[in-house]
Amino acid sequence: MEYKNPIGVDIDLETGVIPGAKKLVRKLSDLRGYFLDGEAYNELLKDDPVVYEVYAVEQEEKDGDLNFATTVLYPGKVGKEFFFTKGHFHAKADRAEIYYGLKGKGGMLLQTSEGKVEWIPMKTGTVVYVPPYWAHRTVNTGNEPFIFLAVYPADAGHDYGSIKDKGFAKLVIEEDGEVRVIDNPRWSE
Ligand code: M6P
Ligand code: ZN
């Protein structure tokens, strides 16, 4: 038996940084086609802001092992639509995931391949269980970075395809100073 070494790391709860983790940066230009308001997207693209960063500690893609990652999702909007992560199904679609809110506020959109959708608000201390077969996207509805931890099977993988093509059935927007979860006018099953 080959034993791996256990890991203990301290997440910086102010910045979300996991020391030694692999850092991934997603800028607005990486999210082309994701937001409803194309004009607002092109305008903001001149600055190409960072939308989110991921600090991931990942293992080989083996059954039974676990990965963990923090995400720092910056505040911002494209038109009325709050900044969000791309969102994905798992490549192994039956793999579940746990999210834990560390800082800021936002929420998670979850959706099945049949288009059933749920919105779960999140703040510091919120745990979200993502069941098998649900796509998931996080949204920052506040005005500071929304930071959370995710724990997921090492062999889950990411399947971005259908979300990239079709989006979610709901959009999370700001209207009259309120957070609203509305039907996506461009949604088609
Ligand atoms: C969480 C986890 C990661 C994921 C990241 C960003 O940290 O679910 O697996 O990569 O969020 O989300 P996305 O991959 O959808 O851009
Ligand atoms: Zn996931």
Side-chain angles (χ1 to χ4, degrees), residues 7 9 11-13 15-35 41 48-63 65-76 78 81-113 117-120 122 124 126-141 145-172 184:
I7 300 171
V9 280
I11 296 169
D12 183 324
L13 294 174
T15 63
V17 172
I18 305 177
K22 193 180 74 187
K23 181 180 180 182
L24 174 89
V25 179
R26 293 261 189 246
K27 301 179 91 174
L28 191 69
S29 51
D30 298 311
L31 293 166
R32 181 173 294 281
Y34 277 82
F35 291 93
Y41 178 86
D48 199 11
V50 172
V51 179
Y52 58 104
E53 292 155 343
V54 180
Y55 296 89
V57 177
E58 295 188 326
Q59 308 299 326
E60 267 176 83
E61 291 191 14
K62 281 194 181 139
D63 169 16
D65 213 343
L66 292 173
N67 293 337
F68 62 96
T70 51
T71 302
V72 182
L73 177 54
Y74 289 96
V78 176
E81 208 175 355
F82 289 107
F83 277 10
F84 53 61
T85 57
K86 285 185 169 184
H88 57 271
F89 286 94
H90 289 148
K92 288 205 166 112
D94 66 348
R95 298 310 197 244
E97 184 161 357
I98 292 287
Y99 279 63
Y100 182 59
L102 301 176
K103 195 173 200 282
K105 68 169 190 149
M108 188 189 287
L109 279 173
L110 298 100
Q111 181 166 293
T112 68
S113 53
V117 62
E118 296 270 344
W119 165 248
I120 300 187
M122 291 177 69
T124 306
T126 305
V127 177
V128 180
Y129 164 61
V130 180
Y133 303 108
W134 286 80
H136 38 289
R137 159 183 289 168
T138 43
V139 183
N140 186 342
T141 58
F146 172 37
I147 304 176
F148 51 85
L149 174 72
V151 182
Y152 48 103
D155 65 349
H158 296 87
D159 171 9
Y160 292 102
S162 76
I163 297 297
K164 185 180 195 317
D165 297 344
K166 304 189 345 186
F168 279 75
K170 302 269 184 192
L171 304 180
V172 186
N184 178 358

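Both ligands and their constituent atoms are indexed starting at 1 by order of listing.
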Near [X], which atoms of ligand 1 are under 4.0 Å from a heavy atom of that residue?
| X | value |
| --- | --- |
| Thr71 | 1 (C), 5 (C), 7 (O), 11 (O) |
| Tyr152 | 9 (O) |
| Tyr52 | 6 (C), 13 (P), 16 (O) |
| Tyr99 | 1 (C), 2 (C), 8 (O), 11 (O) |
| Ala150 | 1 (C), 2 (C), 7 (O) |

Q: Flag the pair Lys92 / Asp63 as yes when at least one side-chain heavy-atom distance between them is below 4.5 Å, and no otherwise.
A: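 Side-chain contact under 4.5 Å: no.
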Q) Is any side-chain heavy atom of Glu118 less than 4.5 Å from a side-chain heavy atom of Val128? A)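 A side-chain contact is absent here, since even the closest heavy-atom pair is not under 4.5 Å.
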**Q.** Proximal protein heteroatoms (N, O or S) of the Zn ion (ligand 2), under 2.8 Å
**A.**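 Near the Zn ion (ligand 2), the protein supplies His88 NE2, His90 NE2, Glu97 OE1, His136 NE2.
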**Q.** Side-chain donor-acceptor contact under 3.5 Å, His136 with His88
**A.**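 Yes, a side-chain donor-acceptor pair sits under 3.5 Å.
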**Q.** Check: Phe84 ring centre within less than 6.0 Å of Phe35 ring centre
**A.**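 Yes.
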Q. So does Lys164 have more than 12 non-hydrogen atoms from other groups sitting under 6.0 Å from NZ?
A.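 For Lys164, atom NZ is not crowded (no more than 12 foreign heavy atoms under 6.0 Å).
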Q) Any idea which of Glu97, His88, Met108 brings a heavy atom closest to atom 13 (P) of ligand 1? A)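 It is His88 that holds the nearest heavy atom.
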Q: Measure Arg137 to ligand 1 on non-hydrogen atoms and call it side chain, backbone, both or neither using the 4.0 Å cut-off.
A: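 Neither part.
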(Q) If the test is side-chain hydrogen bond (donor to acceptor under 3.5 Å, both in side chains), which one of Glu58, His90, Arg95 qualifies with Tyr152? (A)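 Option passing the side-chain hydrogen bond (donor to acceptor under 3.5 Å, both in side chains) with Tyr152: Glu58.
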Q) So, for Thr71 and Tyr52, which heavy atoms are closest and what is the spacing to 0.1 Å? A)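 Between these two residues, the closest heavy atoms are CG2-CD1, 4.0 Å.
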(Q) Give me the atom names and distance for the closest heavy-atom approach of Tyr100 to Met122. (A)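 So the two residues come closest at C-CE, 4.5 Å.
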Taking [atom] as the reference point, the nearest protein heavy atom with its distance:
| atom | result |
| --- | --- |
| atom 14 (O) of ligand 1 | Tyr160 OH, 2.5 Å |
| atom 9 (O) of ligand 1 | His158 NE2, 2.7 Å |
| atom 12 (O) of ligand 1 | Thr85 CB, 3.8 Å |

Is it true that a side-chain atom of [X] and a backbone atom of [Y] form a donor plus acceptor pair closer than 3.5 Å?
| X | Y | result |
| --- | --- | --- |
| Asp159 | Phe89 | no |
| Tyr41 | Arg32 | yes |
| Asp65 | Asn67 | no |

Q) Is there any N or O on Val54 that sits under 3.5 Å from an N or O of ligand 1? A)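 By distance alone, the answer is no.
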